[in-house]
Amino acid sequence: MRIVLFGAPGSGKGTQGELMAKRTGFPRISTGDLLRTAAQKRTPLGLKAEVVMKEGRLVSDEIVIGLVRERLADPDCRGGYILDGFPRTIVQAEALATLDGERPEVVMGIEVPTEVLIDRLSGRRICSSCQAVYNLAVQPPRLEGVCDLCRGPLVQRPDDTPEVIRERIRVYHEQTESLKDHYLRLGSYRAVDGRGTIEEIFQRIVHVLDGEIGMPGRETVTA
Ligand code: AMP
């Protein structure tokens, strides 16, 4: 099962990808997470990427494709994977097609109006210790500023400030949105309404995947 989660920043790819990973047992591969980890480790690649990410621009295709190539070679990806935030350009989509001889079966497009994206990204908080994601409006932590899971301090991502949010959404329209047409032409794009609660959106995704390829793990975990 090869799934691409596609959508603008704030559309819920990370949250839904985690739920899908729990449900299916397939790893969620987020290029944003891979880049943030490289930045935290202060690797040369990470330091280079960090500057670009802070400005809300896209990291070079070369760097991102290299990271994905390495990650897809890991044994846990053999049976399938859930890509979150990749591909974001046509060059990346073409690279994916050659990296893995098999095409993604489904490109799940989570569609959300821009004003909702801005609200979600502005309210997002991340645990600086375990990376769990919260939203002050719809999924607040039990104790203000503290992670429910590990008690770590919650912080705002440096690219979730109003100015950088605007830039990320602009970059999405300019460089990524046209991939929808690319995958529509290939017949693999499926649109999902990304408004509503986390559970409602997840049920829509499950419904689409069940119809397409039979989503595994149905009995085991619910959102
Ligand atoms: P995300 O966590 O998916 O919102 O990504 C955070 C940032 O990482 C983006 O704003 C980009 O700067 C960078 N990034 C993540 N994925 C990619 C990608 N596929 N291509 C280029 N840059 C990316």
Side-chain angles (χ1 to χ4, degrees), residues 3-5 7-43 45-54 56 59 63-64 67-68 70-77 79-86 88 108 110 112 117-162 164-165 168 194 197-203 205-206 217 220-223:
I3 297 173
V4 169
L5 278 171
S11 57
K13 300 185 297 295
T15 304
Q16 296 299 330
E18 274 303 300
L19 292 175
M20 288 165 69
K22 263 197 219 156
R23 175 99 157 206
T24 61
F26 294 124
R28 163 182 161 256
I29 301 173
S30 150
T31 40
D33 285 352
L34 292 176
L35 291 164
R36 278 184 289 276
T37 303
Q40 268 161 15
K41 288 186 181 156
R42 317 311 286 162
T43 65
L45 180 154
L47 292 172
K48 218 165 147 186
E50 190 177 40
V51 179
V52 179
M53 291 167 80
K54 275 203 177 128
V59 174
I63 289 183
V64 178
L67 283 175
V68 173
E70 258 179 43
R71 182 65 184 88
L72 291 188
D74 288 342
D76 64 333
C77 294
Y81 45 79
I82 300 159
L83 283 172
D84 161 2
F86 182 93
R88 264 172 152 104
M108 191 67 70
I110 309 182
V112 178
L117 298 174
I118 294 171
D119 277 356
R120 282 191 189 163
L121 291 170
S122 325
R124 177 160 69 181
R125 297 293 181 274
I126 311 278
C127 172
S128 55
S129 168
C130 76
Q131 318 305 317
V133 181
Y134 297 85
N135 186 286
L136 298 184
V138 295
Q139 207 193 4
R142 281 196 285 274
L143 203 66
E144 199 185 320
V146 179
C147 178
D148 292 349
L149 304 176
C150 77
R151 307 265 143 217
L154 301 186
V155 295
Q156 190 168 34
R157 256 170 58 170
D159 57 350
D160 279 345
T161 57
V164 185
I165 289 172
R168 289 163 65 204
T197 65
I198 292 170
E199 171 70 16
E200 282 164 355
I201 302 161
F202 186 59
Q203 290 312 324
I205 291 178
V206 169
T220 46
V221 190
T222 51

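All figures in this text were calculated on a predicted structure; none of them were measured in a lab.
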Within the structure provided, determine whether [X] and [Y] are in side-chain contact (heavy-atom separation under 4.5 Å).
{"X": "Leu19", "Y": "Val206", "result": "no"}
{"X": "Val64", "Y": "Arg88", "result": "no"}
{"X": "Lys54", "Y": "Val164", "result": "no"}
{"X": "Gln16", "Y": "Ile198", "result": "yes"}
{"X": "Leu5", "Y": "Ile82", "result": "yes"}
{"X": "Leu121", "Y": "Pro9", "result": "yes"}
{"X": "Thr31", "Y": "Leu67", "result": "no"}

Report the residues that fulfil side-chain contact (heavy atoms from CB on, under 4.5 Å) with [X], sequence neighbours left out, ordered by chain and then residue number.
{"X": "Ala137", "answer": "Asn135"}
{"X": "Val52", "answer": "Arg57, Val59"}
{"X": "Thr37", "answer": "Lys41"}

Using a 3.5 Å cut-off and no angle test, enumerate the donor-acceptor pairs between side-chain atoms of residues 70-77 and protein atoms at least two apart in sequence or in another chain.
residue: Arg71; atom: NH1; partner: Asp74; partner atom: OD2; Å: 3.2
residue: Arg71; atom: NH1; partner: Asp76; partner atom: OD1; Å: 2.9
residue: Arg71; atom: NH2; partner: Asp76; partner atom: OD2; Å: 2.9

Quick one: pull up [atom1] in [X] and [atom2] in [Y] and give me the separation to the nearest 0.5 Å.
{"X": "Asp84", "Y": "Met108", "atom1": "CG", "atom2": "CE", "result": "13.0 Å"}
{"X": "Cys147", "Y": "Arg125", "atom1": "SG", "atom2": "CZ", "result": "14.0 Å"}
{"X": "Leu35", "Y": "Ile63", "atom1": "CG", "atom2": "CD1", "result": "7.5 Å"}
{"X": "Lys13", "Y": "Phe86", "atom1": "NZ", "atom2": "CZ", "result": "13.5 Å"}
{"X": "Tyr134", "Y": "Arg142", "atom1": "OH", "atom2": "CZ", "result": "7.5 Å"}
{"X": "Gln40", "Y": "Gln131", "atom1": "CD", "atom2": "CD", "result": "5.5 Å"}

**Report entry** Side-chain donor/acceptor of Arg120 to backbone N/O of Ser11, under 3.5 Å
**Finding:** yes

Query raised in the report: So, does Lys48 use its side chain to make a donor-acceptor pair with the main chain of Thr43 at under 3.5 Å?
Result: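 Looks like no, no N/O pair under 3.5 Å.
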
Requested in this report: For Asp33, check side chain to side chain donor-acceptor pair (under 3.5 Å) against everything at least two apart and list the hits.
Outcome: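 Partners of Asp33 under the side chain to side chain donor-acceptor pair (under 3.5 Å) test: Arg28, Arg36.
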
Report task. Could you pull out all residues at least two apart from Arg42 that satisfy side chain to side chain donor-acceptor pair (under 3.5 Å)? Result -> Glu50

Can you give me the closest heavy-atom contact between [X] and [Y], atom names plus distance?
{"X": "Ile165", "Y": "Ser122", "result": "CD1-N, 3.8 Å"}
{"X": "Pro141", "Y": "Gly145", "result": "CG-N, 4.1 Å"}
{"X": "Gly194", "Y": "Val112", "result": "O-CG2, 3.4 Å"}
{"X": "Gly152", "Y": "Cys127", "result": "CA-SG, 4.0 Å"}
{"X": "Leu45", "Y": "Ala38", "result": "CD2-CB, 4.1 Å"}

Report task. Could you list all the side-chain hydrogen bond (donor to acceptor under 3.5 Å, both in side chains) pairs where at least one residue sits in residues 151-161, not counting sequence neighbours? Result ->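 Matches after skipping sequence neighbours: Arg124-Asp160, Arg157-Asp159, Asp160-Arg168.
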
